[in-house]
Amino acid sequence: MVPNSTNNQVMATKETSTGPWRDAWRSFRKNKGALAGAGIVLFFVFLACVGPWLAPQGINEQLLTDRLKPPSGQYWFGTDDFGRDIFSRIIHGARISLMVGFFSVIGSVVVGSILGIIAGYYGKWIDMIISRIFDIMLAFPSILLAIAVVSVLGPSLQNALIAIAIINIPNFGRLIRSKVLSIKEEEYITSAKAIGMRDIRILFSHILPNSMAPVIVAGTLAIASAIIEAAALGFLGLGAQAPAPEWGKMLADARMYLRNAPWTMIFPGLAIMLTVVGFNLMGDGLRDALDPKMKN
Amino acid sequence: ACSSDDSSDGDTKKDNDEGTTETAEEKVLIFGRGGDSVSLDPAAVTDGESFKVTQNVLETLLNFGPQDTTINEGLATKWEPSEDGLTYTFTLREGVKFHDGTDFNAEAVVKNFERWASGSEDLFPYYGSMFGGYAGDEGHVIESVTAEGDYTVIFKLTRAQAPFLKNIAMSPFAIASPTAFEAAGDKFGDSPVGTGPFKFVEWKRNDSITIEKNEEYWNAEEPKLDRVVFRAIPDNSARLNALLTGEIDLADGVNPSDGETVEGEAALQLFERPSMNVGYLGLTSTRPPFDNQKVRQAVNYAIDKQAIVDAFFEGRAEVAKNPMPPSISGYNEDIPGYEYDPEKAKQLLAEAGFADGFEMELWAMPVPRPYMPDGAKVAEAIQKNLADVGITANIVSYEWATYLEKAKNGEADAFLLGWTGDNGDADNFIYVLLDEDNIGSNNYSYYSNDETHKLLIEAQTEVDEEKRNELYKQAQEIISEDAPWVPLAHSTPLLAGDAEITNFFPHPTGSDRLNKVDFK
Amino acid sequence: MGERQTILEVKDLQTSFFTDDGVIPSVDHIDFHVREGEILGIVGESGCGKSVTSLSIMGLVPSPPGKITSGQILFEGKDLTKFSEKEMRKVRGNDVAMIFQEPMTSLNPLFTIGNQLLEAITLHKKDWNKKKAHARAVEMLKLVGLPRAEELMNDYPHQLSGGMRQRVMIAMALVCDPKLLIADEPTTALDVTIQAQILKLMRELNERLNTAVILITHDLGVVAETCERVVVMYAGKVVEEGTVDTIFNNPQHPYTKGLIASVPDMRYKKQRLYSIPGSVPKPGSINQGCRFAARCEFVFGRCTEENPPLYETTEGHKTRCFLYDEKEVLADDRAAVKS
Amino acid sequence: MLHYIGKRLLQLIPVLLGMTFVVFMIIRAIPGNPAQVILGQLASKEAIEALEIKLGLNEPWYTQYFDYLVGLLKGDLGESMRTVQPVAEEIWPYLAATMELAFFAIIIAVIIGVNAGIISAWFQNSWFDYMAMVLALIGVSMPIFWLGLMEQWIFGIELQWLPTTGREEVRDPINSITSLYIVDTIIQGRFDQLGTVLKHLVLPGIALATIPMAIIARMTRSSMLEVMRADYVRTARAKGQKMFFVVYKHALKNAIIPVLTVIGLQTGLLLGGAILTETIFGWPGIGRYIYEAISFRDYPVIQSGILVVAFIFVMINLFVDILYGLVDPRIKYD
Amino acid sequence: MTEPLLKVEGLKKYFPVRSGLLGKHTGNVKAVDDISFFVNEGETLGIVGESGCGKSTTGRMLMRLLEPTEGKVTFNGKELTNISKDEMRKARREIQMVFQDPYASLNPRHTIEKILMEPLIVHNIGDPKSRKKKVHDFLEIVGLSSYHAKRYPHQFSGGQRQRIGIARALMTNPKLIIADEPVSALDVSIQAQVLNLMQDLQKELKLTYIFIAHDLGVVRHISDRVGVMYLGRMVELATSESMYAEPLHPYTKALLSAVPVPDPEFKREQIILEGDIPSPSNPPTGCTFHTRCPFKMDICAKDVPQLQEAKTGHFVACHLYNEQLQH
Ligand SMILES: Nc1ncnc2c1ncn2[C@@H]1O[C@H](COP(=O)(O)OP(=O)(O)OP(=O)(O)O)[C@@H](O)[C@H]1O
Ligand SMILES: Nc1ncnc2c1ncn2[C@@H]1O[C@H](COP(=O)(O)OP(=O)(O)OP(=O)(O)O)[C@@H](O)[C@H]1O
Ligand SMILES: [Mg+2]
Ligand SMILES: [Mg+2]
């Protein structure tokens, strides 16, 4: 008699077949800022993918007779001191910046996650050691660490990427460690234990998926800062090498033309800012959508 | 022994007080530059930023000309070489006092040379390299330095050294107060005491060095300025900004691209430092394919030097064809140099068996230098030129110290580098940069040729100027043919200053004497 | 017992939340009143709008997204909904005070008990000097039965147990002699033995100070033991109102009946609990008809079409159910069936 | 409390020790020989070898490391290979310059960031909130060197309002006693000079403050939003407290703890991470000092410089942890 | 008398309190301190007590979700406290648990189907198809529908989630279910639904329950026997009739009298206890209740009273009922 009473219950939500991800997407979709951010990011991802076919010029088509030409119908963003089309270079550069962002963050997420999970899940002395390593890395002035790493490996885009990945490891490591620690205490973990589940399965089936949301959020935001860090390394001459159109390097190279040919600085600067704003907006939106604590 | 320190300290304070009360009439020159000095003991350092300061605090026995490297009076008023070139007699200026009040005399000169000769390369690096080593070393050129009376010093050499007088005129061999350096020991470089037109006042590390007028300077007319402050502003653009805002009066290391801007500003003037340098693309002749002379020549033909000079030196440089600038005696005008000729280059490549080109690393300097204001950009331009003849050049760069070390180890295929002369002697270019003796040192391209070696060694001891020049010209011919480098440019480094500045003559060595400088 | 003055009258109050999912009327046209010195209980299940009602009275509905969308709250004849924020501030803590459900979180953890008590005093007694205020604070702490009152003034909330904190909250609410005290589930977070202490204290204080109390709770037992009159809420509506005795002895609304029947009684063992089928509707999901219709055993056509009004069946006993509409012939019969 | 500090300091030892080790190994992995760098391009092989012996570079790394640690224990930070000065003596003016700049920046960042965050949270979704958050977003999205150059261009050159480089008006130099010019000018009563010192701080200070300001503003906002929903905030309002005091007294004190963490972290980051700002604004700070030491392979300077910066970083964070206890009586140190 | 399904002897759980530099062990939180009881097959044992008295700790130790500090748990003749972890894991097939918080105990990222399937996969029961069928069957059994299988926990109300929690506990056909405050978080009307469901299931599936709660009414309603805990100790254990009709321990008396009864006409003498529950990290000596006890004697502060049978089937740990004292 009791069971049948539920059939006429009013369901809590009208839509059927939704999941946490879909829910997150719904809340994300409502957030205008986040959508704008995602739009910007998608736009740059698009550029990165098809840029080479879109750009009117290659990355190193010099025309020394057309040096430092202001923006015009022919050169939308003007030309640089080699007479190269800045517009084309920025389009090509999207790929570099996104690559640095994505891969460095993936690198630090992978390494950071492994260390963080081990520390958080196994605790005790392993946690002690890993946490101390994180402390050491965090106490390092990060830009100096990056410079030192690039100095060891030699300046190149790939090495800049590695350096940025390294300096971000402890951030992710600590994030995941604390997440694992808190999820470990959740009741659904106890309930998984209560049904007799093995530790390792609990780790992969319950703890990991549930710690992903903050990692995705932090990762998106970290991509933003990685792009800026790459630009800073580029500015110091420690990033991508010529003639790669890395935006930070373009800025650094153009710095002496700030007065004579401001477009050489303005456009790459705007490109960096826009991309970074895009990732930040998207990250904030994801945080609101994925991190229930922030939900009102 | 401490008295000298104390008195100079006392002076400093007193003058400081005066300084602050009389700011209105004081003539202060603020000289912005790219880096700080390492030490103010000129003998102990090799960097130009140190000499920029010491040049005005300590003086050498002989001076270079105002804008060249001819030999002029300094602390010595007369100098006489013996016939065989083994003995030099210097007559010293009388009535000169060090800033600490002690007398400048022959004794002081002897003590300075004794100090250097008893040192080692890490203490007094230039002494060893210019005079063949230190006391007791086999190659040491200076056999003895002796005082005869108060104002005569006699140098005895073990063998003739052609550029000896030029060496004596170099900044590192400025005479310091023996009382001071004996008292200060290692710390002498913190507060140098010399006879120069300016006295050392204060050093705020990485920020500023202040020197002030030496009221007791032997030339009563000089200096005109009351105080000079050397400020370190590493970024070229920022330095120029500081000049534009009036925070500094004179800026070293102006980007060629900013030359026009400065010329366009009424309140500013542009100074050109006479060129005494060479910027080049070194081709490591031990590394294939650059062990092939034809390939090296092909690369020489492939690069459009004029375009590079126009674009990245903004035309403020002379296209180079020899390893040294034309202002140096012994320069060979008759060398034709390599014209920009991609066809010829391709042909040579084909002859060498590289019709389809090849792939190589092209090393780009990570730092600006007067002889190469922007290595990375020059590299990009070269990369393009090489691509046009079928050579794929990948630009690589290392952090500066690594760059030099790796290049020195012969790890580079082709690398950008350059050299600013120390004393304006041909030896200081050709021998130092291209002789087989200097492989593993400054001969980064690993060029070795017995013929040039013979010529260059002979020239070192040849006292007759004519004959010596002839030897160098021969060497240049051979080098041009062997093409271990692509000489690119002899640049004219730029400085910018307040329009009010007068009598500032930038010196080709990079160390400027400011004793005549004045404000309108 | 003489007829007491009504000090608070809530008329047709509607408070809505303007959310992304639309406008949710969490409190939907409710009416009730409180008389001087009485304890009025408001019961209802989670989410039925009890807290929103009390916050509406205090003018503390979080805004945005909440807003009082219609109705009046007459406190001593003056409509609080028309008050400016400044006027409201004078009322809060002074004429109407409130204590909240969670004694653990309702005190600011970073300030001493004394500091928070004194704040409550000096806000309204501007002319009192420090000493007087302090004396009053200590007096109140003693009044609510806290030992070591002087020392407690310098303690921080975390140094106190839950029961003690709730006593502090009560002291703080009563410090300015309010005419009305709203207690929003003051004992829900406490253990039974501590709950008994607090409820006893509240009854005593009510008698001694003659402060009117609105006691909000979801525990029918608490209501039965503490209150004089009861308002039963369901999904933002008042469904029944009456004295404690009538509500418990003669519940009329099917919801009230079900509620009372579904509580396990400690005194005897029921073979099987009565259970109301289904669950509480999400606010705003039912706009038409009686909100309880979907769970009601006695549902009939009209229930899902019209919104039932409050029928006053006997003096002071009101029910929002068509079963008590005189027009409904069947009503009496049906009601008889159950009770 | 003292016990707690002692314990924390003890815990620092392995971190700092690990730190020295990491730095030691990394810098030795950088290709390039200090002896070569010191002696310059002219140096002969023999000279380099001789200098290596003199600098102890020929010893195996563990001997060098051990010697360095022994030196550290004696309070000896080593001697700069380049300037032949004891690092301990040399480092202070650089550190002072950076500290002055970093603290100035963090103070700007805190004052503006915290207040902007509070007001944004208080008036959530108001135009102020939107503006402040958009600005904060742009703040974290801007490469700092580009901001610095733009600042110089606009406020220095075009408007001529503020000096663009250095710490002082060199025509009227400051008599340095502590190397902290603000302190120096005050103790000497030179308030005119204090003005110029502050003026010099403005542009680099703003460049440096931008990112922490934005981060602090966002952090404060979200922390405040959370706290403003707390029950005790409602309690305070129910007492009849003014909104201003509710926000600035009750809510802020609770919201500030996560913000303090951020402030501590950011202050620490500024100390070592101001290299670009220091370069662009010709600021003789520790970041540039270490950066240049890296390019000169001045091992002792790099090792000790980074160690000092890291030490200050952890000390600041320790200080922040102690601050927590002052703010929050629930936190006990034992 | 047959052997009880579960027997607990001298169970203890001390949580170490660490402090100082190296985390020196400076004391213990005696969360559970020497309790013994048994549960017969098919019956429901209720455990009541105020917050922090060690109810959940006890429940968790029975399944070794927490390792007991001391004591013996025998289930179905097997001593659970000395088998290996892996064996214990397997033994959990027989003992299952229902948790208090219907929101926190379900992984928000898994569908109901996945949540319910998990115990079957873990214990390797059946093949995918039969598992699916079983999931659907049990959804029906707990009063949900099979179309709910594809949904996520947040799409259900609290009562529905608790049904899911119960279904999960039933998936492996356990003998014993430990329910830790399964209805505390639920509204009254929903609470009744869940209690009814649990009773129905017990009958149908011959389940044994250990039912932990703090609501005395609920416990009385569902339990055959009731144990009362105070500060880590079991102070009274009896059939629910006996316990509610005639509580012996002063604490139980006070507890029962403090419970508000939803009947305005019901009048009784309330025993209002003074003060708060002491901290388990620093429990009073002797009888832990003596600090609040209205009938305190000298011995109470000294000796720990043992749980002993005062009447048939009615155990109490109080010196008032100590035979030695009575002569
Ligand atoms: N800030 C808010 N935003 C949106 N909706 C709200 C907000 N606060 C309350 N509500 C809605 O108002 C309804 C009534 O909430 P209220 O807090 O008054 O319930 P309650 O009866 O006090 O329940 P409980 O017993 O859980 O305290 C809730 O269903 C909720 O959806
Ligand atoms: N992991 C732990 N470490 C230290 N102390 C603990 C731990 N778990 C529980 N305790 C303590 O043990 C005591 C008993 O806790 P337990 O959770 O068993 O109580 P409970 O009776 O279930 O209470 P509630 O009704 O609040 O659920 C409490 O005082 C608690 O603080
Ligand atoms: Mg409520
Ligand atoms: Mg519990």
Participant: I need the residue from C/Thr105, C/Asn94, C/Thr112, C/Ile182 with the largest number of non-hydrogen atom pairs under 4.5 Å to chain D.
Facilitator: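 The answer is C/Thr105.
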Participant: Relative to chain D, which of C/Gly93, C/Ala173, C/Ser106 shows the most heavy atom pairs under 4.5 Å?
Facilitator: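 Winner by heavy-atom pair count: C/Ser106.
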Participant: Is it the case that atom NZ in D/Lys242 sees more than 12 heavy atoms from other parts of the structure closer than 6.0 Å?
Facilitator: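 Counting neighbours around NZ of D/Lys242, 12 or fewer heavy atoms of other residues, nucleotides or ligands fall under 6.0 Å, so no.
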Participant: Quick check on C/Pro109 against chain D: is it the side chain, the backbone, both or neither that has a heavy atom closer than 4.5 Å?
Facilitator: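 Backbone plus side chain of C/Pro109, per the 4.5 Å heavy-atom cut-off to chain D.
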Participant: Give the table of side-chain donor-acceptor pairs shorter than 3.5 Å for residues 102-119 of chain D, with sequence neighbours excluded, one pair per line with atom names and distance.
Facilitator:
| unit_1 | atom_1 | unit_2 | atom_2 | d |
| --- | --- | --- | --- | --- |
| D/Asn115 | OD1 | D/Tyr248 | OH | 2.9 |
| D/Asn115 | ND2 | D/Ile111 | O | 2.7 |

Participant: Check side chain to side chain donor-acceptor pair (under 3.5 Å) between C/Asp184 and all other residues, then give those that pass, not counting sequence neighbours.
Facilitator: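 Here the qualifying residues are C/Ser51.
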Participant: Between D/Ala230 and chain C, with a heavy-atom cut-off of 4.5 Å, which part of the residue counts as in contact: side chain, backbone, both or neither?
Facilitator: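 Contact with chain C is absent: no heavy atom of D/Ala230 under 4.5 Å.
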Participant: Apply side chain to side chain donor-acceptor pair (under 3.5 Å) to C/Gln72 and list each qualifying residue two or more places apart in sequence or on a separate chain.
Facilitator: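 Side chain to side chain donor-acceptor pair (under 3.5 Å) list for C/Gln72, sorted by chain: empty.
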Participant: Does any heavy atom of chain D fall under 4.5 Å from the side chain of C/Leu107, the backbone, both, or neither of them?
Facilitator: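 Just its backbone gets close to chain D.
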Participant: Answer yes or no: are there more than 12 heavy-atom neighbours, outside D/Lys253 itself, under 6.0 Å from its atom NZ?
Facilitator: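 Yes.
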Participant: Give the minimum heavy-atom separation between D/Lys249 and C/Asn115, together with the two atoms involved.
Facilitator: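 Minimum heavy-atom separation between D/Lys249 and C/Asn115: NZ-OD1, 3.2 Å.
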Participant: Could you name the residues of residues 137-169 of chain C that have a heavy atom within less than 4.5 Å of a heavy atom in chain D?
Facilitator: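 So the qualifying residues are C/Tyr156, C/His158, C/Met169.
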Participant: With a 4.5 angstrom heavy-atom cut-off, is it the side chain or the backbone of C/Ala120 that approaches chain D, or both, or neither?
Facilitator: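 Both backbone and side chain.
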Participant: Is there a side-chain contact (heavy atoms from CB on, under 4.5 Å) between C/Asn108 and D/Thr235 once you walk through the steps?
Facilitator: CA-CA 8 Å; C/Asn108 193 324; D/Thr235 309; over 6 Å; no
Participant: If you round to the nearest 0.5 Å, how far is CD of D/Gln241 from CD of C/Gln116?
Facilitator: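 C/Gln116 CD to D/Gln241 CD: 11.0 Å, rounded to 0.5 Å.
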Participant: Ignoring hydrogens, what is the shortest heavy-atom contact between D/Arg237 and C/Arg92? Give both atom names and the distance.
Facilitator: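 Taking D/Arg237 first and C/Arg92 second, the nearest heavy atoms are O-CD, 3.0 Å.
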Participant: Heavy-atom distances under 4.5 Å only: say whether D/Val233 touches chain C with side chain, backbone, both or neither.
Facilitator: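 No part of D/Val233 comes within 4.5 Å of chain C.
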Participant: Can you tell which part of C/Ile99 gets under 4.5 Å to a heavy atom of chain D, answering side chain, backbone, both or neither?
Facilitator: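 For C/Ile99, neither part sits under 4.5 Å from chain D.
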Participant: Determine whether C/Met58 and D/Arg234 make a side-chain contact, defined as any pair of heavy atoms from C-beta on separated by less than 4.5 Å.
Facilitator: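 No. Closest side-chain heavy atoms not under 4.5 Å.
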Participant: So which atom in D/Pro329 and which in C/Leu110 form the shortest heavy-atom distance, rounded to 0.1 Å?
Facilitator: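 So the two residues come closest at CD-CD2, 3.7 Å.
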Participant: So, for C/His124 and D/Lys239, which heavy atoms are closest and what is the spacing to 0.1 Å?
Facilitator: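 The answer is NE2-O, 2.6 Å.
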